[in-house]
Amino acid sequence: MSAMENNEQRRRRSEPRPHAVGGVSMRDLLASCAAAEAVSRPPRAPEPAEDPRTAGEHRQAA
């Protein structure tokens with residue numbers, strides 16, 4: 001192998017390949033995004049407790 005061929009091979013290895021895949025499946029990527037979103041949101045506020053005095057009453061529309 002000549003020196004020129006050697007240099008050409010090194011140059012090809014060091015250039016980024018635009019079609020190279022990182023090795024993470026789309027399913028894993030989407031799952032990690034969903035987990036990150038779930039963790040980054042604050043917890044929901046507790047539901048207000050019903051007042052026992054008004055529990056049986058239904059409001060009428062105006």
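Values below: every heavy atom of this structure, side chains too, minus hydrogens, waters and symmetry copies.
When all heavy atoms of L29 and V24 are compared, the closest pair comes out as N-CG1, 4.1 Å.
By the side-chain contact (heavy atoms from CB on, under 4.5 Å) test, S25 is found to be paired with R27, D28, residues two or more places apart in sequence or in another chain being considered.
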Report, one line per pair, each donor and acceptor closer than 3.5 Å where one atom sits in a side chain of residues 39-48; sequence neighbours left out.
| unit_1 | atom_1 | unit_2 | atom_2 | d |
| --- | --- | --- | --- | --- |
| S40 | OG | A36 | O | 3.1 |
| S40 | OG | E37 | O | 3.1 |
| R41 | NH2 | E37 | OE2 | 2.5 |

